[in-house]
Amino acid sequence: MKLVKFKTFVILSVSLLAIKLSAQEYASLSFNGQDNYVEIEDSPLNEIGSGDFTFEAWINGEESKQTSHPMIFSNRGPSPSGGGGVLFFFHNKWRDSKTKILSVQIDEVNYKFENNGTLNASLLDGQCHHVAVTRKDSILSFYADGQLFGESRIITSPASVSLERSLLIGKDLPTNNTFNGIISQVRIWNVAKTKDELNNAKDVSLSGNESGLVAYYEMQDFKGQVLTDKTGNHHGRLGDSILEDVTDPAWICSGCVKLNILDEGVDQSKVFNVYPNPSSDFLFINAECSEAFEVRLFDVAGRLVAKHIINSQEDRIDIKDLSEGVYLLDSNIADNKITRRVVKI
């Protein structure tokens, strides 16, 4: 009889409790404003050329801590041959502007709006903002938090954004103007997204297979030297090499946006993992990106049977004295509720 019950437990435990969360806030990359960057040697910009595009990202920085022209990304080479390509960045104060300005440079021409156009405010105010620039034919459109704040006509032709050089996130190679703060959710498209399309998707975790999506750096790798392109085509590397060094931006647990998860089968194992499962004595808990947090264990009747503070990336909870059966292990990490089905044998 016990053997039959054990087999039943194994069947129950092969899949984690699939909870569709309305939102999850995952990791981000934090840049130090000095020498941090990500390099993508196979630049996705080379798939765009002089065609339509959308550049977008979530950012959080303070203006007083920035260099002259802090970069979101750039594909320019070293001076004096660094011309051409594109810069997606914040231009220094210009004319009577009281703040740095969301800008794009194409083929050595800057396009921008004093005081960020109709926004008339800083986007480097220590708060998170979604920023985007689109090109449709010869018209550039500038957005902040889903709102259009300016449009400009491109004055050069063919104004290609492609250049046979690496794409750098957070840095411009000729000037070394490096962003200070958080950059996350970098998306590059070969189509011009509309205002409604930007608003509908800026808070959504994309699959990576969307039409027109050339590169998508969701920045949910949590650790290591690889920055994953969710399209699978243009992965990046943190800093100078595959080894950790001072040029690496830092993985952090907080992000700019709580992403709406559309997939019922979201794999949350990177965020919170439990093993072995089933177990007879201890459940080891691994959270790749979190400070101390509490886990609580409930039986199938909803009664709290155990709780424990997890103080490190790998900790454990003692279940030796619990009865055999199915339990729910519940936690809140960075305001995200995550639940696992676990089995005591």
Side-chain angles (χ1 to χ4, degrees), residues 40 42-59 69 71-77 82-91 94-95 97 100-120 123 129-165 167-169 172 185-204 206-217 229-231 233-234:
I40 299 104
D42 180 18
S43 173
L45 296 175
N46 294 335
E47 297 185 27
I48 296 175
S50 57
D52 294 346
F53 64 69
T54 299
F55 303 150
E56 57 176 318
W58 280 89
I59 58 94
H69 304 286
M71 293 291 139
I72 300 173
F73 63 68
S74 164
N75 67 343
R76 297 199 303 176
V86 67
L87 283 70
F88 184 31
F89 70 115
F90 287 91
H91 195 282
W94 171 69
R95 292 182 178 174
S97 184
K100 293 185 186 295
I101 307 161
L102 182 66
S103 307
V104 63
Q105 182 184 113
I106 306 174
D107 200 17
E108 301 185 353
V109 178
N110 291 325
Y111 299 91
K112 57 192 181 297
F113 295 90
E114 185 177 330
N115 289 320
N116 291 312
T118 58
L119 182 66
N120 194 32
L123 289 165
H129 296 283
H130 179 266
V131 294
V133 177
T134 71
R135 175 168 71 182
K136 178 65 175 176
D137 300 324
S138 62
I139 301 298
L140 293 171
S141 300
F142 292 74
Y143 297 86
D145 300 320
Q147 299 301 310
L148 176 68
F149 68 79
E151 290 187 329
S152 177
R153 182 174 295 275
I154 296 175
I155 62 175
T156 62
S157 180
S160 175
V161 301
S162 298
L163 196 66
E164 291 301 321
R165 296 189 182 277
L167 176 66
L168 303 183
I169 296 177
D172 176 50
Q185 295 294 312
V186 175
R187 301 171 181 176
I188 298 173
W189 306 76
N190 63 10
V191 294
K193 309 297 284 185
T194 66
K195 176 183 175 181
D196 287 344
E197 288 172 334
L198 287 170
N199 273 313
N200 291 338
K202 64 184 176 67
D203 301 329
V204 172
L206 304 180
S207 69
N209 298 321
E210 288 76 7
S211 176
L213 185 61
V214 177
Y216 178 23
Y217 303 102
D229 172 15
K230 207 169 178 181
T231 73
N233 299 316
H234 304 281

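Atom set for the values below is all heavy atoms of this structure, side chains included, hydrogens, waters and symmetry mates excluded.
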For this session: Start with the C-alpha distance between I40 and F73, add both sets of side-chain angles, then the distance that settles side-chain contact (heavy atoms from CB on, under 4.5 Å), and finish with yes or no.
Result: CA-CA 10 Å; I40 299 104; F73 63 68; over 6 Å; no

Problem set entry | Check against side-chain contact (heavy atoms from CB on, under 4.5 Å), L206 and R187 | CA-CA 10 Å; L206 304 180; R187 301 171 181 176; 3.7 Å; yes

Problem set entry | Candidate pair F142 and I101, rule side-chain contact (heavy atoms from CB on, under 4.5 Å), full reasoning | CA-CA 11 Å; F142 292 74; I101 307 161; over 6 Å; no

Exercise. Could you go step by step and tell me if T54 and L198 meet the side-chain contact (heavy atoms from CB on, under 4.5 Å) rule?
Worked result: CA-CA 9 Å; T54 299; L198 287 170; 4.0 Å; yes

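Not a single donor-acceptor pair under 3.5 Å links the side chain of D172 to the backbone N or O of M71. A side-chain donor-acceptor contact under 3.5 Å links S162 to the backbone of G49. Side chain of S97 to main chain of N115: a donor-acceptor pair is present (N/O by atom type, distance under 3.5 Å, no hydrogens or angles). Here the side chain of H234 pairs a donor or acceptor atom with the backbone of D42 at under 3.5 angstrom. Checking side-chain atoms of E210 against main-chain N and O of G208 turns up a donor-acceptor pair under 3.5 Å. Although no hydrogens or angles enter the test, the distance criterion places no donor-acceptor pair under 3.5 Å between the side chain of N75 and the main chain of R165. Side chain of R135 to main chain of A192: no donor-acceptor pair is present (N/O by atom type, distance under 3.5 Å, no hydrogens or angles). Of the possible polar contacts, one joining the N46 side chain to the L163 backbone as a donor-acceptor pair under 3.5 Å is found. At least one donor-acceptor pair closer than 3.5 Å links the side chain of D229 to the backbone N or O of Y216.
The structure places OG of S141 at 13.5 Å from OH of Y111, a figure rounded to the nearest 0.5 Å. In this structure, the separation between CD on E47 and CG on N190 is 7.5 Å, given to the nearest 0.5 Å. With rounding to the nearest 0.5 angstrom, the CG atom of D52 is 5.0 Å from the NZ atom of K136. In this structure, the separation between CD on E114 and CG on N120 is 9.0 Å, given to the nearest 0.5 Å.
Counting heavy atoms from C-beta on, the side chains of V214 and T231 never come closer than 4.5 Å. The closest side-chain heavy-atom distance from L167 to P44 is below 4.5 Å. For the pair L119 and L102, the minimum side-chain heavy-atom distance is 4.5 Å or more.
D196 and T194 are not linked by any side-chain donor-acceptor pair at a separation below 3.5 angstrom, with hydrogens and angles left out of the test.
Note: F113 and F149 have perpendicular aromatic rings, judged against thresholds of 30 and 60 degrees for the angle between ring planes. A parallel orientation is assigned to the rings of F55 and F53, their planes being inclined by less than 30° (bins at 30° and 60°).
Tested against H130 for a side chain to side chain donor-acceptor pair (under 3.5 Å), the candidates K202, Q147, E56 yield a single pass: E56.
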